[in-house]
Protein chains: 2
Amino acid sequence: MPPHLPESTYAVLGLVDKVPDSSGYELAAVADRSFTHFWSISQTLLYRELERLTELGWVTATRDEQVRTPGKWTYRTTAAGQQVLADWLAGPDAAKGSFRSGFLLKFFFAYRMDAGQVRSLLQEYRRALQLQRDEFEAIADKLEAIRTPEAGAGKLTALHGLRTAEARLAWTDEVEALLGKDPP
Amino acid sequence: MPPHLPESTYAVLGLVDKVPDSSGYELAAVADRSFTHFWSISQTLLYRELERLTELGWVTATRDEQVRTPGKWTYRTTAAGQQVLADWLAGPDAAKGSFRSGFLLKFFFAYRMDAGQVRSLLQEYRRALQLQRDEFEAIADKLEAIRTPEAGAGKLTALHGLRTAEARLAWTDEVEALLGKDPP
DNA sequence: GTTCCCATGTAACCCGTTACATGATTTT
DNA sequence: AAAATCATGTAACGGGTTACATGGGAAC
């Protein structure tokens, strides 16, 4: 019975399970272009979690010496680790998470800005959303071609981000239309 | 020139500015039904920030003794505080924030679940989204009636949440349709 | 008479971050 | 000659959390 562990521990466990025999460095790269969008972790934290997972016996670390690149540790889930992962996935505590939007925080106080400031704030937000949308679209398209369950799950999570970004872009249109009506 | 301050400091500053002459207790209640949706803070943190804002001279604290309820401290932004707030609002660093979804994290590893688990995970998420949607709708409706700039900004931020929840609900429909085609 | 509301606070913890260090190899 | 890639780590910090304490008045 493991003590309270942060969700990030399971995130890394799942990652090792998904991409076995990878180094921390490689896992960081994968994390950075996959679940960083809904569960970002720093490089330092990733290495700490790998250490913890090894101590718990949920993953094994193997030293892999190479000729021209530095030696590296590669990881792999144990049977115990896979069981823990399955239990966590089956668990009912899926509601966890957090959301903090610097944009909304400022926008909430928009009545203390002049019209020009509000517009530039909105435009900055729009640009960020467009980048997000394009990125999610690219990921979804790329994974569309790969017909595996792993890619399927990834594609649908990307689609979640895509739909969210689209809806928020539509919201900025809505807001701009309202602001346009009301001259400063 | 203030040192690095977390965004939460400005969140509380804006809150005091928005609801002057309120106690920490009252501010916590307001925060809990307004910006907790996009910038939640704990009660402890709120009190700490009020203390910090007072020390910085951005708000003033006044003791207000009462007859049948306990005495309380009430807060009010100073001229300096209002200037700082305006500067922060005008600043370009609106991109800050964070997003972590326990649901997406699990869904990303859905290929390690059986079909029934995936369905119940989705249903749990759906229910949470419906609650969110209803809450945002109620807030937007309530603020619609109030014709002030403050209420207007609040209404639009609620609309942002509403549109997001709607889009994500539509996404769950999309996913369920796909899963329905593929029998377990 | 227990439970809820008001009102403020303390203590302890740790997750997660940024910044920095190292060093060999490969590319520009 | 400089910069990027591979690869792992240390040090220090702090923001934010949960849990707990207190205590009087009001409400059920």
Side-chain angles (χ1 to χ4, degrees), chain A residues 2-12 16 19 21-33 35-36 38-55 61-75 93 96-100 102 105, chain B residues 2-13 16 19 21-33 35-36 38-55 59 61-75 93 96-100 102 105:
Chain A
H4 287 313
L5 292 172
E7 302 276 294
S8 295
T9 306
Y10 298 99
V12 175
V16 172
V19 195
D21 300 318
S22 306
S23 65
Y25 186 85
E26 287 161 340
L27 290 168
V30 174
D32 229 49
R33 66 187 131 80
F35 70 54
T36 196
F38 47 84
W39 202 277
S40 76
I41 52 174
S42 63
Q43 176 251 46
T44 308
L45 181 58
L46 175 60
Y47 277 101
R48 275 216 304 250
E49 294 300 345
L50 285 173
E51 211 182 318
R52 165 143 66 176
L53 289 170
T54 311
E55 276 164 20
T62 309
R63 188 66 189 180
D64 184 4
E65 299 297 341
Q66 301 173 119
V67 272
R68 41 197 73 237
T69 51
K72 61 183 177 181
W73 290 99
T74 58
Y75 300 89
D93 46 305
K96 311 224 163 170
S98 64
F99 171 58
R100 277 184 161 193
L105 184 58
Chain B
H4 287 314
L5 292 171
E7 303 275 292
S8 294
T9 307
Y10 299 98
V12 175
L13 179 61
V16 172
V19 195
D21 300 318
S22 306
S23 64
Y25 186 85
E26 286 160 341
L27 291 169
V30 174
D32 230 49
R33 67 187 132 79
F35 70 54
T36 195
F38 47 85
W39 201 276
S40 77
I41 51 174
S42 64
Q43 176 250 44
T44 308
L45 181 58
L46 176 60
Y47 277 101
R48 275 216 305 250
E49 294 301 345
L50 285 172
E51 211 183 319
R52 163 143 67 176
L53 289 169
T54 311
E55 276 164 19
V59 309
T62 310
R63 187 67 190 179
D64 184 4
E65 299 295 344
Q66 300 174 117
V67 272
R68 41 198 74 234
T69 51
K72 62 183 176 182
W73 290 98
T74 59
Y75 301 89
D93 45 305
K96 311 223 165 175
S98 64
F99 171 58
R100 277 186 161 190
L105 185 57

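Every chain is numbered from 1, with letters handed out A, B, ... down the list of sequences.
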task: Would you kindly give the NZ-to-C1' distance between Lys72(B) and dG23(D), to the nearest whole Å?
output: 17 Å
field: Intermediate values then yes/no, side-chain contact (heavy atoms from CB on, under 4.5 Å), Leu45(B) and Arg48(B)
entry: CA-CA 5 Å; Leu45(B) 181 58; Arg48(B) 275 216 305 250; 4.1 Å; yes
- request: Please work out if Thr44(B) contacts a base, only the sugar-phosphate, or nothing of the nucleic acid, heavy-atom cut-off 4.0 Å.
  value: base
- prompt: Should Glu26(A) and Lys72(A) be marked as a salt bridge (Lys or Arg N to Asp or Glu O under 4.0 Å) after you check the CA-CA gap, both sets of side-chain angles, and the distance that decides it?
  reply: CA-CA 10 Å; Glu26(A) 287 161 340; Lys72(A) 61 183 177 181; 3.1 Å; yes
message: Taking only side-chain N and O atoms of Ser23(A), does any of them lie within less than 4.0 angstrom of OP1 or OP2 on dC6(D)?
response: no
task: Might you point out which heavy atoms bring Leu46(A) and Leu27(A) nearest each other, and give the distance in Å?
output: CD2-C, 4.0 Å
- prompt: Rounded to whole angstrom units, what separation is found between the CZ atom of Arg52(A) and the C1' atom of dG9(D)?
  reply: 17 Å
message: Nearest heavy atom decides the nucleotide; on that basis, is Glu26(B) or Glu7(A) closer to the 5' end of DNA chain C?
response: Glu26(B)
- request: Calculate the interatomic distance between Lys96(B) atom NZ and dG16(D) atom P; express it in whole Å.
  value: 12 Å
query: Side-chain N or O of Arg100(B) less than 4.0 angstrom from OP1 or OP2 on dG16(D)?
result: no
message: What's the closest nucleotide to the side chain of Trp73(A) if the choices are dC15(C), dC6(C), dG9(D)?
response: dG9(D)
message: Judged by each residue's nearest nucleotide on DNA chain D, which is more toward the 5′ side, Gln43(B) or Glu49(B)?
response: Glu49(B)
message: Just verifying a value: how many Å separate Ser23(B) OG and Leu50(B) CG, rounded to the nearest 0.5 Å?
response: 9.5 Å
query: To the nearest 0.5 Å, how far apart are OG1 in Thr54(A) and CH2 in Trp73(A)?
result: 9.0 Å
Watson-Crick and G-U pairing of DNA chain D written in dot-bracket, each distance under 3.5 angstrom, with | for inter-strand partners: |||||||||||||||||||||||..|||
task: Round to a whole Å and report the spacing from CD of Glu51(A) to C1' of dC15(C).
output: 15 Å
- prompt: Does Thr74(A) or Pro70(B) map to a spot on DNA chain D nearer the 5' end, using the closest nucleotide for each?
  reply: Thr74(A)
query: CD of Glu49(B) to CZ of Arg52(B): how many Å apart, nearest 0.5 Å?
result: 4.5 Å
message: Side-chain N or O of Arg63(A) versus OP1/OP2 of dT8(D): is the shortest distance under 4.0 Å?
response: no
message: Distance check, rounded to the nearest 0.5 Å: Glu7(B) atom CD versus Ser98(B) atom OG?
response: 10.5 Å
Backbone of Pro6(B) reached by a side-chain donor or acceptor of Thr9(B) within 3.5 Å: yes
query: What's the OH-P distance between Tyr47(B) and dA7(C), to the nearest Å?
result: 8 Å
statement: Leu5(B) atom CG is separated from dG14(D) atom C1', nearest whole Å, by 12 Å
message: Rounding to an integer number of Å, can you tell me how far Leu45(B) CG sits from dT8(C) C1'?
response: 15 Å
query: Between dT8(D) and Tyr25(A), is there an OP1 or OP2 to side-chain N/O distance shorter than 4.0 Å?
result: no
- request: Return the value, rounded to whole Å, for the distance between atom CG of Asp32(A) and atom C1' of dT17(C).
  value: 14 Å
- prompt: Within the structure, does a side-chain N or O atom of Ser42(A) lie under 4.0 Å from either OP1 or OP2 of dT17(C)?
  reply: yes
